[in-house]
Amino acid sequence: MAQCVQSVQEFIQDSFVPMVAVLCSEDAEKVTRKNNLNFSELLRPFCRLTSEGHMRDPNNQVQVVKNLRISVNNVVTRPSVPTSGVHGPAQRRLLSEVVSACQPAEGGVANVITAGDYDLNISATTPWFEAYRESFLQSMPASDHEFLNHYLACLLVVSSSEAVPVEQFLKLSQEQHRIQHNGEYTNPKWFIPNTLKYYVLLHDMSQGDEQRADSVYEDMKQRYGSQGCYLLKINSHTAAAGTDEQIPDPWSQYLNKSSRQSQLNVLTTKSHKNNQWKSNLSTHGGLDLDLDNTHPLQLETAIDMPGSLDSLRADAVETKTTTVYTGVAAVTSHGACLTLNDHNRLRLFIQEFTFRGLLPHIEKNIRQLNDQLVSRKGLSRSLFSVTKKLFGGGKVPEKSIAELKNTSGLLYHPEAPELQIRKMADLCFLVQHYELAYSCYHTAKKDFLSDQAMLYAAGALEMAAVSAFLQGGAPRPYPAHYMDTAIQTYRDVCKNKVLAERCALFSAEVLKSQSKYSDAATLLIKMTSEDSDLCSALLLEQAAHCFINMRNPMVRKFAFHMILAGHRFSKAGQKRHALRCYCQAMQVYKGKGWSLAEDHINFTIGRQSFTLRQPENAVSAFRHILTNDSQQTSTQQGAFLREYLYVYRNVPGVREVALPQLPLPCINSSATRVYFGHERRLAEGEKQAATHVSLDQEFDRDLAAVWQDLEEQVVAAANRGLVPSTFYPTQCCLNSQTDNLHFPLAVVEEPIIVEVAFRNPLKVPLVLSDLSLLWKFTLKDFSRPQPQDIMVEDAVTISNEKEARLKLLPRQTGQLNILGLVYNLASTPSTGDSTINSPSATAGTSVRGRQDLEIQGPRLNQTKEEKTSVSHGPDRRLDPTITPPMPLLEVFFLQFPTALLCGEIRKAYVEFCNVSHVPLCGLRVASTHPDFFTFGSSSLATPLTPLSPTSFENCSAYKTLATPPGATPGSVTAVTLVSAADFGSGGGGVFGTGGKRVAEIPLGEGTLTPGESTQLPLWLRGPDQEGVHEINFLFYYESAEKGGKISHRVLRHTVFICASRSLSIRATACRSNTLPEEEREEGRNGSMLVFVDVENINTSEAGVREFHIAQVSSSSKQWRLHKCINPAEDKDCKLTTRERGKLCFRATRCKPHEGTHSHYQQCQTIISSTTPCADFFFRRCQPSEHSRSQGAGPGGGAEDITGVVRKCNEVDLDIIVLWKAFVVEDNKQVILEGQLHVALQTIGKEACSLTQKEEAQEMVLLKFKPELPPPTTRPSMEQLSHLIKTNLHYPESYSHPFVQKSLCMVPVTLMLSNCSLAQVDAIIDLRHKTTSPESLEVHGSFTWLGQTQYKLQLRAQEVMRLPLRAGFLHAGVYNLGTPRVFAKLADQGAMCETSQQTATPALIIINST
């Protein structure tokens, strides 16, 4: 139970006090009425004694009486009324008003209880319960089975202004005697027959004669004795006295209680007189009370099912019309004629009456009763010895309640010994003699039980238990079973729930004082019933406090019983107390996953707050219902939403200050996306607009890194190869995954689009209308601000998740802060109707409010402090800085293909439009596939190229020349000499200084003025690999007006090209057998053979009929194609599907420090050294490929063995194959053009136009070993086998007369050529013979004559002749290619000689003559 102001001992003592009646004459009433008080009210503040009293018990022992209080009341006579055991409507009304009038103080100190994870703010005290308890005990009618609330004495008050005061005393004495003994009135009840009569002479100091009053008082003392009368002087305050003295008013706290009690008496009296409970009861104040219409339970008849709007309206009307009755108005002051001396006189009077009259009277009656009982029982001197003898032995077994008959109606004679014992016990209890009282109660209990007088027995058990508890320092424990038996008897046998409730209140307080909170809670819960909602609510609340005050607080039980108490308070009409209980219970259920319980509590709090005119609390409670992910049904959620909207709209004062926060829908602030810039213009006709960035695109972190890398490259190209330190990548669309630490930059007059992600947690659709952004703007550099234009969305229905895009158009430069959203919220007319265009959807109940966009930045995790704490950085995506105007570029593509053959060349056009009011310049483009496109250059343009072809049909993208007259097919028609420096220039000025990926776009005058557009040709080449390719373009441009906050702007474009198979080119270079001297004689500086293998690998998916090899070009710093040595009948090379052709060319060396571009013609000559052929060729080449061809001069590589050997085999020749494909589209033949590239690097090693796919390696276990020094690189055996080129010079046929001479000797010259740039040691071995039988069958056997092994040394690139002689014994065909040549570098002594590759078979025919 909650803490009480009084201790349990003080509470019980004040519950049972001596009762004193008052009878006043009319003149005495007039004297007291000057103070707006009657006589009993005048004495009430002074009825507690401040000093101790003394009396003697029957054993003549002094008993000290401390802190005694008496109760003084006017005599109110009522006819005899049988008690029903339950409160009537009047009593219920009284108790309800008492509880309603007592509310928790505003700002009162709350008791903070920590239990586990809970920190609960609970009211430390419950004054409404104490007020209820006090009023409940005071309103209990006097009963015949106990005498505690019977009158012990009667004050007879007469004014000193009476003519004969003694006669008035006589009349009042006779009136008291008639009331007590006539039998006509059973109320009030009197304790003993000879009631103490105390005569009080009341003297008005302001009017009466004080001497006469003194003389009358002297006469009274002679007549009634000095201890039986008193002269009380009051009203000493006069008008002439000063008014500065502040006289306290101690009566105010008692008047409401007395007025309610008098109201209860009047109501009860009139109700019994009329015998109709439904009649109107009128009080002396003139207020008509209709009990049937104002009963608290009647409110339940107006309450509909939860969620109904009618119930809220009914509650609102009830709150407006209900008037709380507070009794007699306490506007006038009390005790105005009394001074502080009068207060002391009143206090002294009560003390004199108690000590000189009341206590001696009680002491005398206790002695008389004790003597009577002793004499009647025939026992010894006093009851003390009797009880000791009686209770010294074994206890008499008590019968159970079930065994006892219902004899609660048994009545005793007033003079019965059992009642005399009870009277004596009650008298001892009233004067705090608890030990003697317990003995008497115990004796009476046994007598009542033996007579089966259960009502009397229950009363004796109750008071015996209380007396045992109140005995100070007694070893006797509190007999709780006495109380349990008494409560059960009152409730079940006697059917008197009022007495059972009183007994439970006492027992619970006692158990609480002994820290037996569990037992107290169990008792209180058992006492709840359906008869009284108010009583049950109070008891449940106290039980909840018992649970929370236990040693181990039971928090959930506390909350559950608080909910039950709140429900019963609500049924009893106690709205404020119900709201308080629900709010306290909410502390436990909140945030613990009890969603249904939270919904119920919040819903009840919202309705109660609405009824009590607490709009903020009502709206807040309904917000919680709608915010959480509710598990309610859709019907219940719809009801919750409608109630919230109704409360919001009909409670005044909610929307007066500012727009409130709306709970629905839920906004995922982190998912908010912000887009800066105009929405892209749609394509017109054949124009295809650049894709750029839009809100419809999903964010890809890897792709964003690609765009950032492209932007860094193009920025570096625009800034002389360096990226500025202030560079920050452009972000047109901001989201949760982008870098939002910086303030984004927006441009004036360019819209800002904010996409907000909504989520509807309910199962019913929501309708949002009139959406707009809430923003704050700080003007910079301008004096007068202008409003921003905002775009308002139409009505939006949200069923689950949806995004809304709102546009903001800045008009001035400055700082913009987007704060949130403003919108109208409404529910659909029915749960199944999701139509938003119907008038009922938007014209129904809707509210306007706001939601803030609060985005939490990324968690900081850099420093140690940030890692050990949870701190977040800023997220500034909603705080853009508005900058001055900037140029705005739009790009359109014309005739841009979506599918190409691998290597196909296609010509398209690009249109650049400046749609801003600022000129732009510095237009550049960067791409992830720089080999896919080229813009060409003005220096390479030619009038032979069509300017603006409408289609590519029968039009060539290449620059062509007619075949010169007299030229034969297969000859070299053009040789273009290009210096070595021009090869690395990026294809004729196409590339910028930033590297391969950045190209400058040539504009006419270098700028694009506002509103101007220009169109440029664009050549495209299909990727070498088949499949779908994603190609990204980044267009970079700057403002012609420098110095702005934005240094540049970019425009993105992404295309997807589907590449199909075309041709596969394989090329191989073979060393020519001719020696350098022979080549020089023919005008050639070295030669080799180039074999080009062309295969049609197209699968006819693109409708390609056949491919024609139009031209073969070469590019090299050392070689050029000299002549095609194919058979003359192959004038044209045509390849259909899966066909293959082979071309053979002779390549010759170029002069030193010159490069060539040579062309082999088929039909017409394509100038491959200009755009677009040269662009795509040089864009394809890697820089390392060109650098490899720039080797050292003669002897320059002697120090590097590997480099020297490699130079022997290097070719560095690029082959460009230009082809035409004939395609049938829409019954028309279309010619497609393309080019493929093959890079020959090494002699004898095949090169392919298609890169071979690397096979996936198997995963192997990693073994960590110590790092070893890198091994020394040595040339391979294959490379060492090409150091020396050999050639045999001999006659093709030789005639010899074998008949005359059997041995034929033929001279043969072996030519040795050192192909390296270093000195080489060579060994020639002639002893090698062919032993294979196959060779012997074809070629005959011969022998070399003379020296058979030579050791020679050749200088760099030296040619040596070695004369040999071959001997033949027979005529025939012989192979002279049997000499074996071994070579090694001269300065490598440890290296073994390596066998050199031999030439082709050298056949000689020996004829016999």
Side-chain angles (χ1 to χ4, degrees), residues 5-6 10 14 17 20 22 24 28-51 67-74 94 97-98 100-106 108 125 127-128 130-131 134-135 138 155 157 159 200 202-208 230 232-265 283-285 287 324-354:
V5 177
Q6 291 179 313
E10 294 173 346
D14 288 350
V17 295
V20 178
V22 174
C24 290
E29 285 290 341
K30 291 179 181 179
V31 173
T32 57
R33 283 298 171 189
K34 291 182 179 182
N35 299 286
N36 296 318
L37 299 167
N38 58 34
F39 188 76
S40 61
E41 294 173 346
L42 184 69
L43 298 179
R44 191 156 297 153
F46 311 101
C47 287
R48 184 177 296 279
L49 301 181
T50 57
S51 57
N67 199 27
L68 181 65
R69 186 178 71 89
I70 63 174
S71 177
V72 180
N73 299 297
N74 292 333
L94 169 67
E97 290 178 358
V98 168
S100 298
C102 190
Q103 298 292 337
E106 294 292 336
T125 59
W128 49 91
E130 297 179 43
E134 182 180 355
S135 298
Q138 290 180 358
L155 296 177
V157 184
S159 174
V200 180
L202 189 62
H203 177 66
D204 189 350
M205 296 290 290
S206 61
Q207 293 182 356
Y230 193 83
L232 180 60
K233 300 178 181 180
I234 61 172
N235 296 345
S236 301
H237 191 274
T238 59
T243 58
D244 296 336
E245 185 180 8
Q246 296 293 332
I247 305 299
D249 182 9
W251 294 273
S252 58
Q253 56 180 328
Y254 297 97
L255 289 183
N256 288 336
K257 300 176 184 179
S258 62
S259 63
R260 293 193 188 100
Q261 189 64 35
S262 62
Q263 170 197 352
L264 174 64
N265 296 336
T283 64
H284 60 275
L287 179 63
V324 179
Y325 179 73
T326 57
V328 178
V331 177
T332 58
S333 60
H334 306 93
C337 298
L338 302 179
T339 62
L340 291 178
N341 290 331
D342 293 333
H343 292 188
N344 294 331
R345 292 190 185 102
L346 292 172
R347 191 175 292 107
L348 182 60
F349 162 68
I350 292 296
Q351 185 172 346
E352 288 293 325
F353 163 71
T354 304

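These numbers were taken from a predicted model, which means no experiment stands behind them.
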*Can you list the residues that meet the salt bridge (Lys or Arg N to Asp or Glu O under 4.0 Å) rule with Lys34, with sequence neighbours excluded?*
Asp204
*Pairing residues for Glu352 by the side-chain contact (heavy atoms from CB on, under 4.5 Å) criterion, not counting sequence neighbours*: Tyr230, Leu348, Arg356
*asked:* Between Phe353 and Ile70, is there a side-chain heavy-atom distance shorter than 4.5 Å?
replied: yes
*Measuring from Cys47:SG to Gln351:CD, what's the distance to the nearest 0.5 Å?*
13.0 Å
*Is there a donor-acceptor pair under 3.5 Å between the side chain of Glu134 and the backbone N or O of Ala131?*
no
_Under the ring pair (Phe, Tyr, Trp, His ring centres under 6.0 Å) test, residues paired with His203 that sit two or more places apart_ = none
*Out of curiosity, Leu346 CG to Ile234 CD1, how far, rounded to the nearest 0.5 Å?*
7.0 Å
*asked:* Within the structure provided, determine whether Trp128 and Ser100 are in side-chain contact (heavy-atom separation under 4.5 Å).
replied: no
*Within a strict 4.5 Å, meaning less than it, do heavy atoms of the Asn35 and His334 side chains meet?*
no
*asked:* Please enumerate all residues that pass side chain to side chain donor-acceptor pair (under 3.5 Å) together with Glu29, with sequence neighbours excluded.
replied: none
*Measure from the side-chain N and O atoms of Arg69 to the backbone N and O of Asp14, and report whether any donor-acceptor pair falls under 3.5 Å.*
yes
_Tell me every residue that passes side chain to side chain donor-acceptor pair (under 3.5 Å) with Arg347, counting only those two or more places apart in sequence or in another chain._
Asn344
*Looking at residues at least two apart in the chain, or sitting in another chain, which of them share a side chain to side chain donor-acceptor pair (under 3.5 Å) with Ser71?*
Asn73
*Just by modelled atom types, is the Val31 backbone N or O under 3.5 Å from a matching donor or acceptor in the Asn235 side chain?*
yes
*Could you check Arg48 against Leu68 for side-chain contact (heavy atoms from CB on, under 4.5 Å), going step by step and ending with a plain yes or no?*
CA-CA 6 Å; Arg48 184 177 296 279; Leu68 181 65; over 6 Å; no
*Report the distance from atom SG of Cys24 to atom CG of Leu155, rounding to the nearest 0.5 Å.*
8.5 Å
_On a heavy-atom basis, which atom in Ser159 and which in Ala28 lie closest, and how many Å separate them?_
CB-N, 3.6 Å
*Could you tell me how the ring of Trp251 sits relative to the ring of His343: parallel (under 30°), tilted (30 to 60°) or perpendicular (over 60°)?*
perpendicular
*Find the distance between CG (Leu338) and CG (Leu37) and round it off to the nearest 0.5 Å.*
7.5 Å
*Go through the structure and list residues passing ring pair (Phe, Tyr, Trp, His ring centres under 6.0 Å) with Phe39, not counting sequence neighbours.*
none
*So how far is it from Leu202 CG to Phe349 CZ, rounded to the nearest 0.5 Å?*
9.0 Å
*Taking salt bridge (Lys or Arg N to Asp or Glu O under 4.0 Å) as the test, write out the residues that go with Arg33, two or more places apart.*
none
*Distance from Gln207 atom CD to Cys337 atom SG, nearest 0.5 Å?*
9.0 Å
*Under the side chain to side chain donor-acceptor pair (under 3.5 Å) rule, collect the residues that match up with Thr354, sequence neighbours excluded.*
none
_We want to know whether Ser40 and Asn38 form a side-chain donor-acceptor pair, criterion being a heavy-atom distance below 3.5 angstrom._
yes
*Write out all pairs satisfying salt bridge (charged side-chain N to carboxylate O under 4.0 Å, His left out) with one or both partners inside residues 334-346, taking only residues at least two apart or from two chains.*
Asp342-Arg345
